[in-house]
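Contents: one structure, followed by commentary.
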Amino acid sequence: MATAGVRSFRACVAGIAAGSLVLVGCADSERGEGDDRNTFVFAGSEAPKTLDPFYASDGETFRVTRQLYEGLVGTNPGEVTPAPLLAESWEQSEDGLSYEFELKSGVTFHDGTPFDAEAVCANFDRWYNTPENQQTDDKAYYYGKLFRGFATGPTADAAIYGGCTADAETTATVTLTSPFAGFIAALSLPAFSMQSPTALEEYQDDAADNVLTTDYSTQHPTGTGPFQFGAWDQGSGEVRLERYDDYWGDVAQVDEAIIVQIESPRGRADALRNGEIDGFDLVGPADVAPLQDDGYQIENRDPFNILYLGFNQAQEPFGDIRVRQAIAHAIDKEAVIAASMPEGTLPADQFVPELVMGYANDVTQYEYDPELAEQLLAEAGATGATITFNYPTNISRPYMPQPEDTFNAIRSQLEAVGLVVEPVSNEWNDYIPQVQATEDHGIHLLGWTGDYDDTDNFLGVFFGQQSQEFGFDDPALFEEIAAPRSLPSPEEQEPLYQQVNRDVMDLLPGVPIASPVPSLAFAPEVDGYQTSPVQDEVWNNVTVGE
């Protein structure tokens with residue numbers, strides 16, 4: 001291990017480094033021999049959107065809130081399998097409509113409020129009674145998608161939440177109106193973390209015009225996790241968390257955890273080398289080997305994601321299956337991976353990773369075959385057609401670490417079979433609305449990192465309903481995807497989801513490209529960081545030595 005000298009964290013940098021924006025928050029502490037502060041500094045690619053996880057759906061928000069909050073259910077370390085957390089155990093009724101949870105005793109929220117069955121029911125009832133102005137995909141996304149509806153509003157008739165009762169201090173029963181085999185796994189999502197009813201009542205206004213900026217969402221987030229809130233500088237994006245000494249589990253090893261925002265992979269790597277941070281996520285593929293050569297630690301997550309090239313069938317010529325097949329055969333996935341993704345990344349042949357139940361070994365394959373691609377384009381009368389290719393810039397995602405390089409690799413392959421590619425690039429915040437909420441796009445790069453171990457979290461998200469992203473309406477497919485969701489057990493669901501995967505690859509709404517291996521980097525003196533395929537990474541066992 002390298003010896004850490006005095007390391008300054010007064011790193012308020014906003015500038016251009018190696019052609020990329022670098023933005024690091026101010027962390028006004030120094031570490032070195034004789035310092036009495038023990039701090040872990042981690043860099044993400046963006047700032048959190050809010051500190052109330054119920055109103056979040058992005059990984060950078062969840063990275064922070066996982067330190068502050070806990071749910072009834074977590075995951076086994078390093079796996080996607082659900083595991084007890086605040087609930088020590090649970091029992092499902094035979095009809096799949098009732099779940100009795102036995103809770104940990106002696107747990108308190110950071111404000112001293114007891115965690116008990118009444119608190120559990122208060123959280124479930126809060127979610128169900130979300131005001132109608134917050135029942136949108138950019139607010140209560142996960143509850144709307146998974147519980148199908150709220151107490152009021154246009155989706156009320158579809159709601160599957162039936163109620164919650166506090167049967168004893170440490171026993172709570174949640175009922176559903178229809179079976180949901182993924183219910184337990186879904187509860188591992190940070191959006192369904194337990195929050196202090198006392199703090200919510202005092203500081204949160206769920207009916208606010210902007211619920212992301214309330215006093216609770218920015219200054220008083222209150223959970224049961226190993227860290228409690230310190231401060232959030234919304235100008236720089238920096239969040240400070242403090243050890244919660246009354247934590248029920250393994251008390252944090254560091255006094256303080258600081259999360260800063262550095263947008264570019266190169267900027268994050270430079271900050272690690274400069275001693276400004278102790279670790280960061282989403283290492284650029286080109287930085288992995290040089291960092292290792294310099295003595296830094298590289299940790300890989302098992303891939304639980306899919307990168308795909310999507311087709312907007314509402315725009316010609318993508319409504320023709322032969323054109324979609326031609327593009328699929330024109331892509332050399334191995335070459336795309338070599339040009340833009342981390343070592344160890346494998347090609348994908350369907351829209352779920354192999355780790356996910358329902359993965360089918362016998363889907364239709366579209367092998368790299370440029371001659372067949374040219375033949376199919378000719379049959380469709382699309383030889384020489386001009387197509388729009390949308391891609392994002394200045395962003396890193398686990399499923400898409402270097403989108404510009406991925407775009408360039410695929411563009412050259414499409415041009416090689418006779419297509420004329422018209423590039424259209426956008427910054428991430430403009431890109432997502434364009435490709436998901438308008439018809440003004442053609443083929444496009446996008447992907448998904450799984451939230452929990454359930455096939456619907458991939459297939460349902462992509463193809464469970466009509467969307468402007470893919471531009472097609474197929475009620476039979478939508479019903480086929482919805483059917484297994486109501487079955488009470490994964491064993492009953494699996495053959496149905498396998499058939500969905502076969503049918504989707506025959507319909508070919510897009511081309512699955514790969515499941516990239518996400519990498520994290522750490523200083524030599526960091527120890528105890530447990531990686532997770534679903535990013536369920538809590539820092540109470542992290543140490544930063546000399």
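Each residue takes its place number in the sequence, starting with 1.
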> Is there a donor-acceptor contact under 3.5 Å linking the side chains of Thr136 and Asp138?
Replying inline: yes
>> For residues 475-487, which residue pairs pass the salt bridge (Lys or Arg N to Asp or Glu O under 4.0 Å) check, not counting sequence neighbours?
In response: Asp456-Arg485
> Can you list every pair that meets side-chain hydrogen bond (donor to acceptor under 3.5 Å, both in side chains) and has a residue in residues 418-428, with sequence neighbours left out?
Replying inline: Asn394-Glu427
>> Checking Arg324 now: which residues fulfil salt bridge (charged side-chain N to carboxylate O under 4.0 Å, His left out) with it, not counting sequence neighbours?
In response: none
> Parallel, tilted or perpendicular for Phe304 and Phe458, by the 30°/60° rule?
Replying inline: perpendicular
> Quick one: ring-ring contact (aromatic ring centres under 6.0 Å, His included) partners of Phe407, sequence neighbours excluded?
Replying inline: Phe389, Tyr391
> For Phe147, which of Tyr128, Tyr141, Phe192, Tyr142 qualifies under ring pair (Phe, Tyr, Trp, His ring centres under 6.0 Å)?
Replying inline: Phe192
>> Test: side-chain hydrogen bond (donor to acceptor under 3.5 Å, both in side chains). Region: residues 403-412. Which pairs qualify, not counting sequence neighbours?
In response: Ser340-Thr406, Gln402-Asp405, Asn408-Arg411
>> Once salt bridge (Lys or Arg N to Asp or Glu O under 4.0 Å) is applied, what residue pairs with a partner in residues 348-369 remain, sequence neighbours excluded?
In response: Asp362-Arg502
> With Asp287, which residues qualify under salt bridge (charged side-chain N to carboxylate O under 4.0 Å, His left out), at least two apart?
Replying inline: Arg266
> Can you tell me if CG on Asn210 sees more than 12 non-hydrogen neighbours from other groups inside 6.0 Å?
Replying inline: yes
> Sequence neighbours excluded, which residues qualify as side-chain contact (heavy atoms from CB on, under 4.5 Å) partners of Asn429?
Replying inline: none
>> Could you work out, with ring-ring contact (aromatic ring centres under 6.0 Å, His included) as the rule, every residue matching Tyr399, not counting sequence neighbours?
In response: none
> Does Glu46 have any salt bridge (charged side-chain N to carboxylate O under 4.0 Å, His left out) partners at least two apart in sequence or in another chain, and if so, which?
Replying inline: Lys49, Arg397
> With Tyr69, which residues qualify under ring-ring contact (aromatic ring centres under 6.0 Å, His included), at least two apart?
Replying inline: none
> Parallel, tilted or perpendicular: which fits the ring planes of Phe351 and Phe462, with parallel below 30° and perpendicular above 60°?
Replying inline: perpendicular
>> For Asp454, give me all partners under salt bridge (charged side-chain N to carboxylate O under 4.0 Å, His left out), at least two apart in sequence or on another chain.
In response: none
